[in-house]
Amino acid sequence: MDSRDRVVICCSPADSDLEMGQLLSTRRRSARILVVDDNPDVVLLMRELLASRGYEAVAVGHADEADAEIRKRPPDLILLDVVMPGKSGYELCREIKENPATRLIPVVLITGLSDREDKLKGIEAGADDFLNKPIFPEELFARVKSLLKLKEFTDELETAESVLCTLGLSVEARDPYTEGHCERLSRYASDLGRHLRLDEASLVALRRGGYLHDLGKIAVPDEILKKGTDLTPDEWIIMKQHPITGETICKPLKSLRLVLPIIRSHHEHPNGSGYPDGLRKGEIPLLPRVLQVVDVYDALRTARPYKPALGHEMAVAVMRDEGRAGLWDADLVDEFFTMLEQQREVA
Ligand SMILES: [Fe+2]
């Protein structure tokens with residue numbers, strides 16, 4: 001056994017730590033920690049240490065087993081050995097952090113190598129923290145405690161976001177003719193964003209924007225919402241408030257920062273005739289313009305009480321005409337149809 005594999009228990013935890021540990025284990029009895037290490041002695045010790053604090057510790061000896069375990073039931077925290085046969089800890093960490101479904105799980109890289117370069121490699125792979133072997137129980141418990149707390153916060157944030165997205169869907173559900181609209185919009189908008197080579201954060205914002213753009217309609221009465229286009233001037237005033245209302249609801253969540261312009265500006269037109277701010281071409285941010293193009297296409301292709309569904313070719317003609325008239329971003333309209341053509345070729 002080399003120094004990399006030695007786990008040293010050097011002293012007993014202080015009383016205050018014990019109390020905190022007991023409190024923690026009571027509060028977070030269900031916290032599940034995945035230990036990935038090819039050394040059975042290390043695995044055994046880690047499991048015992050974590051179990052002594054009331055955590056549920058699951059251990060595997062190989063990156064592939066870790067993959068399967070994460071898919072089966074995502075853990076709250078992963079303690080990951082850097083040097084393993086097959087896929088290294090760095091590689092597994094990078095995969096976990098690149099996957100939207102697992103990227104919020106904190107990963108602690110465990111290494112015997114205290115080299116600066118290895119740490120940099122770990123940071124580049126997206127590791128949240130490091131533990132050096134030999135492992136000191138106090139250090140392990142402190143890292144675990146603080147990262148689980150962080151996970152608790154991100155889980156709460158995720159919950160807040162999913163509540164808002166569910167609210168967005170409930171707005172959609174008030175109008176049976178728009179069933180599935182949010183989901184289609186979310187998919188089309190992120191597809192178009194990817195086609196435009198936008199960064200990952202923008203793609204996530206477009207996906208969320210599909211569900212959240214009309215959230216403000218929650219404050220629009222049913223009789224106005226279901227009327228379609230034939231609104232009185234007073235009803236239009238209420239309807240035109242929905243981008244502002246939606247933005248106000250989502251503003252407190254920092255994680256929705258990039259979604260706010262989508263919510264606020266998805267009814268602006270390059271010719272300045274849109275609402276709520278009457279922005280003109282060049283003033284409207286890119287993400288709302290992207291969402292708007294796919295929103296219009298989906299609306300044209302779907303039957304509503306006041307209009308039939310258009311075929312694809314007719315929708316293309318209408319949108320190109322309206323793009324030239326300054327209602328939509330004409331270049332994005334072209335990009336969208338190019339993307340649909342490419343998707344059809346692939347299919
Ligand atoms: Fe809207």
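Counting starts at 1 for both ligands and their atoms, following the listed order. Values in this document were obtained by computation on a predicted structure and should not be read as measured data. What you see below is based on every heavy atom in this structure, not just the backbone, and it leaves out hydrogens, waters and symmetry mates. Residue indices begin at 1 and follow the sequence shown.
- Residue pairs satisfying the side-chain hydrogen bond (donor to acceptor under 3.5 Å, both in side chains) criterion with at least one member in residues 243-252, sequence neighbours excluded, are listed as follows: Glu247-Arg264.
- Crowding of Lys87 atom NZ: a count of heavy atoms from other residues, nucleotides or ligands under 6.0 Å exceeding 12.
- At distances below 3.5 Å, not a single donor-acceptor pair connects side-chain atoms of Glu65 with backbone N or O atoms of Val60.
- Residues Leu327 and Leu185 are members of one and the same hydrophobic cluster, defined by side-chain heavy-atom contacts under 4.5 angstrom among Ile, Leu, Val, Met, Phe, Trp and Tyr.
- The backbone N or O of Val144 sits nowhere less than 3.5 Å from a side-chain atom of Arg53 that would complete a donor-acceptor pair.
- Atom CZ of Arg194 sits in a crowded spot, with more than 12 heavy atoms from other residues, nucleotides or ligands closer than 6.0 Å.
- Around the Fe ion (ligand 1), the protein N, O or S atoms closer than 2.8 Å are Asp214 OD1, His242 NE2, His266 NE2, His267 NE2, listed by chain and residue number.
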